[in-house]
Amino acid sequence: MKKLFGFLLTILVIYVIYLDLTVGTLTPSPAKQVDAKVETVVKKQTGLPSFEAKVKPGETVISIVEHRLEKPLPVSITDLIEDFKKLNQGRNPEKIQIGSTYHFPDYSK
């Protein structure tokens, strides 16, 4: 009986690990639909040019901005963090969520 219980427990653990690795247990929050009015308001409030991007797994604020620029950052990381916080009502750039849409500073100009 102990062997059967151990076998079933092992199967359950393997199944849970498989499910976690393939489907995942955490689902990203639904992306919010943002229209042109919100982008205009953000630009007027901060005076910073910006673009919107949806965060994908493995991305950081730095990687998203560098990918948009297709070159290294032209500003310091401290300036990038401050600009990100201004554009997103003080949200911490270290805690961005996968699947959410944020405003990022646009340094291409």
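Note that these values count all heavy atoms, side chains included, but never hydrogens, waters or copies made by symmetry. A quick note: this is a predicted structure, and the numbers were derived from the prediction, not measured.
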**Q** Among residues at least two apart in sequence or on other chains, which ones pass side-chain contact (heavy atoms from CB on, under 4.5 Å) with I11?
**A**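 For I11 the side-chain contact (heavy atoms from CB on, under 4.5 Å) partners, ignoring immediate neighbours, are F7.
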**Q** Could you give me the CA-CA distance, side-chain angles and deciding distance for F104 and D83, then say whether side-chain contact (heavy atoms from CB on, under 4.5 Å) is met?
**A** CA-CA 8 Å; F104 295 90; D83 291 344; over 6 Å; no
**Q** So, for P105 and F51, which heavy atoms are closest and what is the spacing to 0.1 Å?
**A**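 Scanning both residues completely, I find the closest heavy atoms to be O-CE2, 3.5 Å.
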**Q** Could you name each residue pair satisfying side chain to side chain donor-acceptor pair (under 3.5 Å) that touches residues 8-18, not counting sequence neighbours?
**A**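 As it turns out, there is no side chain to side chain donor-acceptor pair (under 3.5 Å) pair with a partner in residues 8-18 once direct neighbours are skipped.
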**Q** Name each donor-acceptor pair under 3.5 Å that joins a side chain in residues 69-81 to protein atoms two or more places apart or in another chain, with its distance.
**A**
unit_1	atom_1	unit_2	atom_2	d
S76	OG	D79	N	3.2
S76	OG	D79	OD2	3.2

**Q** Checking the side chain of N88 only, and the main-chain atoms of H103 only, is there a donor and an acceptor separated by less than 3.5 Å?
**A**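 Confirmed, N88 side chain pairs with H103 backbone.
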**Q** Taking side chain to side chain donor-acceptor pair (under 3.5 Å) as the definition, give me every residue that meets it alongside Y102, ordered by chain and number, with sequence neighbours left out.
**A**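 In terms of side chain to side chain donor-acceptor pair (under 3.5 Å), with neighbours along the sequence ignored, Y102 is linked to no residue.
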**Q** Going through the distances and angles, do I96 and R91 end up as a side-chain contact (heavy atoms from CB on, under 4.5 Å)?
**A** CA-CA 8 Å; I96 58 175; R91 290 194 179 150; over 6 Å; no
**Q** For N92, check side chain to side chain donor-acceptor pair (under 3.5 Å) against everything at least two apart and list the hits.
**A**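 If we apply the side chain to side chain donor-acceptor pair (under 3.5 Å) test to N92, skipping adjacent residues, there are no hits.
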**Q** Would you call K85 and P93 a side-chain contact if the rule is heavy atoms closer than 4.5 Å?
**A**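 Yes; the side chains approach each other to less than 4.5 Å.
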**Q** For the atom pair CG (L87) and CG (D106), what is the distance rounded to the nearest 0.5 Å?
**A**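 L87 atom CG to D106 atom CG measures 10.0 Å (nearest 0.5 Å).
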**Q** Hey, can you pull the donor-acceptor pairs under 3.5 Å for the side chains in residues 59-68, sequence neighbours left out?
**A**
unit_1	atom_1	unit_2	atom_2	d
E59	OE1	K56	N	2.8
T60	OG1	S63	N	3.1
T60	OG1	S63	OG	3.3
S63	OG	T60	N	2.8
S63	OG	T60	O	3.0

